[in-house]
Amino acid sequence: MSGPVRPVGELLRDWRRSRGMSQLDLSIETGVSTRHLSFVETGRSRPSPELILRLADRLDVPLAERNTMLLAGGYAPAYPSHEVSDPHLAPVLTAARQLLHGHGPYPAVLLDRHWNLVEANPAVAVLTAGAAPHLLASPVNVLRLSLHPDGMAPRILNLPEWRAHLLSRLHQQAVTTNDAALYELHEELRGYPAGTDHAPPAGDGAPRVVIPLRYRHGDRELSFISTTTVFGTPLDITVAGLAIEAFFPADPATAETLHALAAA
């Protein structure tokens, strides 16, 4: 159950501090006097909804938390939150599906803000084959699926490196959004075995520019690099949390294997 809503000034102060900004910094960048900011943060002045949103925008506060601030200030929420299946989000889902299926025969997934799987293209089966059924039951959390010893972890050849990358990314997201669910997920995943690195360094001596996912599929090694795509200028909480994770072959052999599997 949710606790009592804290005063809007306290919420603004906490987000300002979490971004490493002083009142003077925020004043300069928003055009609001430091005196007024101080009065807002201490509760001596009630901010207008326009001021709350102006400050929240500069502080890069997530949309859901902006609604919380507005409610704390006595105003109506400004941002809706629709289910992905809602007709209002049909253009968003259509665009996401085009990206997913257009990316084949390489794996790609659509995720929500807590890393739960929304949709995936058929090529993702290359990565999920062999995972325990309970990890593939809805809702599927892709980070849990990736690092759980009954999931993909036994087939990730550079598991310590990939695990560290995912945990670092998740922790940064939790800090940025102050989302309790992400902190809880991070703690859970930290408890999974770190594994052993079974992937020898690349033999060509070329410097690495990204961390690859090196994955065992049968008797073959697949190597991927990944990208993240988000929707620009979202005004819906659900849309703001959606992201497409797309995996690209990191070498010609991986591309050849994926094309052959798709054609089989």
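Keep in mind that the numbers below use all heavy atoms, side chains included, and drop hydrogens, waters and symmetry copies.
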Compare every heavy atom of [Y] with every heavy atom of [X], then report the nearest pair and how far apart it is.
| X | Y | result |
| --- | --- | --- |
| Thr228 | Ala243 | CG2-CB, 4.0 Å |
| Tyr79 | Asn67 | O-ND2, 2.7 Å |
| Leu159 | Pro193 | CD2-O, 4.4 Å |
| Leu135 | Val140 | O-CG1, 3.5 Å |
| Asn121 | Gly104 | ND2-N, 4.0 Å |
| Ala78 | Leu53 | CB-CD1, 4.4 Å |

Is [Y] reachable from [X] through a run of I, L, V, M, F, W or Y residues, each pair having side-chain heavy atoms under 4.5 Å apart?
| X | Y | result |
| --- | --- | --- |
| Val210 | Leu157 | no |
| Leu143 | Val118 | no |
| Leu12 | Val32 | yes |
| Leu258 | Leu127 | yes |
| Leu235 | Ile52 | yes |

With no hydrogens and no angle check, is any side-chain donor or acceptor of [X] less than 3.5 Å from a backbone partner on [Y]?
| X | Y | result |
| --- | --- | --- |
| Ser18 | Trp15 | yes |
| Thr257 | Ala253 | yes |
| Ser146 | Val142 | yes |

Say you draw a straight line from [atom1] of [X] to [atom2] of [Y]; how long is it, rounded to the nearest 0.5 Å?
| X | Y | atom1 | atom2 | result |
| --- | --- | --- | --- | --- |
| Gln23 | Ile28 | CD | CD1 | 12.0 Å |
| Thr177 | Leu63 | OG1 | CG | 12.0 Å |
| Leu147 | Tyr192 | CG | OH | 8.0 Å |
| Glu187 | Leu167 | CD | CG | 10.0 Å |
| His114 | Leu170 | NE2 | CG | 10.0 Å |
| Thr238 | Asp112 | OG1 | CG | 8.5 Å |

> Under the side chain to side chain contact (heavy atoms under 4.5 Å, CB included) test, which residues partner Ala194, sequence neighbours left out?
Replying inline: Arg163
>> The criterion is side chain to side chain contact (heavy atoms under 4.5 Å, CB included); which residues satisfy it with Phe248, sequence neighbours excluded?
In response: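 Testing Phe248 for side chain to side chain contact (heavy atoms under 4.5 Å, CB included), a comparison that skips the adjacent residues, returns His103, Ile225, Thr227, Ala246.
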>> Among residues at least two apart in sequence or on other chains, which ones pass side chain to side chain donor-acceptor pair (under 3.5 Å) with Arg66?
In response: none
> Could Asp14 and Arg6 be called an ion pair, given the rule that one side-chain N must be under 4.0 Å from one carboxylate O?
Replying inline: yes
> Do Glu245 and Arg169 sit within salt-bridge range, that is, some charged N less than 4.0 Å from a carboxylate O?
Replying inline: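 Looking at Glu245 and Arg169, the cut-off is met.
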I want to check something: taking the side chain as every heavy atom from C-beta on, are [X] and [Y] in contact at a cut-off of under 4.5 Å?
| X | Y | value |
| --- | --- | --- |
| Ser22 | Asp25 | yes |
| Asp150 | His134 | yes |
| Val8 | Pro47 | yes |
| Leu51 | His36 | yes |
| Leu189 | Leu166 | no |
| Val175 | Tyr183 | yes |
| Arg113 | Asp179 | yes |
| Arg214 | Glu221 | yes |

Is a side-chain donor-acceptor pair under 3.5 Å present for [Y] with [X]?
| X | Y | value |
| --- | --- | --- |
| Thr176 | Gln172 | yes |
| Trp115 | Gln173 | yes |
| Asp86 | His88 | yes |

> Is there a side chain to side chain contact (heavy atoms under 4.5 Å, CB included) between Leu26 and Arg19 once you walk through the steps?
Replying inline: CA-CA 10 Å; Leu26 189 56; Arg19 299 307 191 228; over 6 Å; no
>> For Thr254 and Tyr215: C-alpha separation, side-chain torsions, deciding distance, then whether side chain to side chain contact (heavy atoms under 4.5 Å, CB included) applies.
In response: CA-CA 10 Å; Thr254 297; Tyr215 200 74; over 6 Å; no
>> For His259 and Tyr106, take the angle between the two ring planes, folded into 0 to 90°, and tell me which bin it lands in: parallel under 30, tilted 30 to 60, perpendicular over 60.
In response: perpendicular
>> Using 30° and 60° as the class boundaries, would you call the ring planes of Phe247 and Trp162 parallel, tilted or perpendicular?
In response: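 Taking Trp162 first and then Phe247, their aromatic rings sit tilted (interplane angle of 30° to 60°).
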> Heavy-atom count around Glu10 CD within 6.0 Å, excluding the residue itself: above 12?
Replying inline: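 Counting other residues, nucleotides and ligands, CD of Glu10 exceeds 12 neighbours.
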> Taking it one step at a time, do Leu185 and Arg144 satisfy side chain to side chain contact (heavy atoms under 4.5 Å, CB included)?
Replying inline: CA-CA 8 Å; Leu185 180 61; Arg144 183 178 295 115; 3.8 Å; yes
> What residue among Leu111, Leu110, Thr229 forms side-chain contact (heavy atoms from CB on, under 4.5 Å) with Leu242?
Replying inline: Leu110
>> Run Val84 and Glu119 through side chain to side chain contact (heavy atoms under 4.5 Å, CB included) and show every step you take.
In response: CA-CA 10 Å; Val84 175; Glu119 292 207 15; over 6 Å; no
